[in-house]
Amino acid sequence: MQLAIKEANNGVKNGDGGPFGAVIVRNNKVISKAHNMVLITNDPTNHAEMVAIKEACKKLKKFDLSDCEIYSSGESCPMCFSAIHWAKIKKVYYGCTRKDAEEIGFDDKYIYDVLKGTANKKQVKIKWINRKEALEPFKKWEDKQDKIKY
């Protein structure tokens, strides 16, 4: 956790992004460490956990990180929480809570409320279109004999 906090501090000091750091560990060995890079990359998806997951996958040459753990200086936002699940990471350690993040201006709570269907306003309009055509690649995937499931 100390490395995750150090990463968070480095990101703030450098002006790279918000006060978040993450470290991925496998068998007590650090695989990757990262901090929030949203501001320096102009990419809203470059949260610490996302960057650490990408680096770990690249380093380990695999997308399944089920043999790893992640340490994050803050409770993961919905995007990062989803990425942790997609990466199959089984254990998450975190320092600050989502309420702590809300108190300094991060909108994780709003996104959680949207997902729960309890948000007072909606920022994004969603419209369902072209299902028939969109199902074509789904059918091809379903019929693909050599697919790698993930």
Side-chain angles (χ1 to χ4, degrees), residues 1-8 10-11 14 16-98 101-102 106-119 121-150:
M1 181 58 81
Q2 294 306 314
L3 282 176
I5 295 167
K6 183 177 180 182
E7 279 293 318
N10 287 341
N14 297 338
D16 294 339
F20 305 99
V23 177
I24 295 181
V25 175
R26 183 175 75 167
N27 299 326
N28 296 315
K29 181 181 175 201
V30 173
I31 303 301
S32 66
K33 56 185 178 175
H35 56 265
N36 186 298
M37 306 272 298
V38 169
L39 298 177
I40 194 166
T41 63
N42 291 313
D43 183 341
T45 68
N46 274 344
H47 291 193
E49 297 95 327
M50 301 293 284
V51 176
I53 288 169
K54 290 174 190 177
E55 288 182 18
C57 290
K58 185 176 181 180
K59 184 174 183 179
L60 296 174
K61 296 181 172 78
K62 61 182 192 165
F63 56 83
D64 182 338
L65 301 179
S66 58
D67 56 349
C68 297
E69 300 174 336
I70 189 166
Y71 292 79
S72 179
S73 64
E75 185 175 0
S76 298
C77 74
M79 174 183 66
C80 294
F81 188 66
S82 295
I84 289 165
H85 278 79
W86 284 116
K88 312 257 188 286
I89 295 171
K90 302 283 189 251
K91 195 173 277 190
V92 177
Y93 300 92
Y94 68 93
C96 298
T97 67
R98 63 175 95 160
E102 179 186 358
F106 289 89
D107 60 0
D108 298 31
K109 181 185 181 315
Y110 170 73
I111 298 169
Y112 276 107
D113 288 348
V114 169
L115 292 171
K116 290 187 299 188
T118 60
K121 62 179 177 123
K122 300 225 173 144
Q123 287 180 195
V124 178
K125 292 181 182 176
I126 300 173
K127 185 175 179 182
W128 183 24
I129 62 170
N130 297 82
R131 180 175 183 266
K132 183 179 177 185
E133 294 89 346
L135 282 172
E136 290 174 19
F138 277 46
K139 178 68 174 142
K140 288 177 183 173
W141 175 259
E142 182 180 41
D143 294 341
K144 187 174 174 62
Q145 296 299 310
D146 61 343
K147 68 180 164 244
I148 298 171
K149 292 185 179 185
Y150 59 96

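Bear in mind that the values here come from a model prediction, so they are computed numbers and not experimental data. Positions are given from 1 along the sequence.
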Close side-chain approach of V51 and I53, heavy atoms under 4.5 Å:
no
What I'd like to find out is whether the side chain of C68 reaches to under 4.5 Å of the side chain of N27, using heavy atoms alone.
no
Distance check, rounded to the nearest 0.5 Å: S76 atom OG versus H85 atom NE2?
10.0 Å
Those residues that, when tested against D43, pass salt bridge (Lys or Arg N to Asp or Glu O under 4.0 Å) (two or more places apart)
none
I111 versus Q123: any side-chain heavy-atom pair under 4.5 Å?
no
If only atom types and distance count, is the side chain of N36 paired as donor or acceptor with the main-chain N or O of G18 below 3.5 Å?
yes
The reported gap from CZ in F20 to SG in C96 (rounded to nearest 0.5 angstrom) is 8.0 Å
D146 bridged to K144 by N-O distance under 4.0 Å
yes
Are E49 and I70 close enough that some pair of their side-chain heavy atoms sits under 4.5 Å apart?
yes
Summary of salt bridge (Lys or Arg N to Asp or Glu O under 4.0 Å) pairs that have at least one residue in residues 57-78, sequence neighbours excluded
R26-D67, K62-D67, E75-R98
Using modelled atom types and a 3.5 Å cut-off, is there a donor and acceptor pairing between side-chain atoms of N14 and backbone atoms of D16?
no
Got more than 12 heavy atoms from elsewhere within 6.0 Å of NZ, K29?
no
Heavy-atom count check: over 12 atoms from other residues, nucleotides or ligands less than 6.0 Å from K54 NZ?
yes
For K125, what residues pass the side chain to side chain contact (heavy atoms under 4.5 Å, CB included) criterion, not counting sequence neighbours?
none
Interatomic spacing from SG in C80 to NE2 in H47 - rounded to 0.5 Å:
5.5 Å
Cationic tip of K88 above Y150 ring, under 6.0 Å, 45° of axis:
no
Are F63 and I148 side-chain neighbours, meaning at least one heavy-atom pair lies under 4.5 Å?
yes
Quick one: does S73's side chain have a donor or acceptor within less than 3.5 Å of a partner on I5's backbone?
no
Spacing of CG belonging to N10 relative to NZ belonging to K33, to within rounding of 0.5 Å:
8.5 Å
Can you find a pair of side-chain heavy atoms, one from E7 and one from L3, that are under 4.5 Å apart?
no
Straight-line distance of M1 CE to S72 OG, nearest 0.5 Å:
7.0 Å
Interatomic distance, I84 atom CD1 to M79 atom CE [nearest 0.5 angstrom]:
10.5 Å
Residues in side chain to side chain contact (heavy atoms under 4.5 Å, CB included) contact with A56, at least two apart in sequence or another chain
I24, I31, S32, L65
Which residues satisfy the ring-ring contact (aromatic ring centres under 6.0 Å, His included) test with Y112, sequence neighbours excluded?
none
Is F106 atom CZ crowded by more than 12 heavy atoms from other residues, nucleotides or ligands, each under 6.0 Å away?
yes
For K116, side-chain hydrogen bond (donor to acceptor under 3.5 Å, both in side chains) partners two or more places apart
none
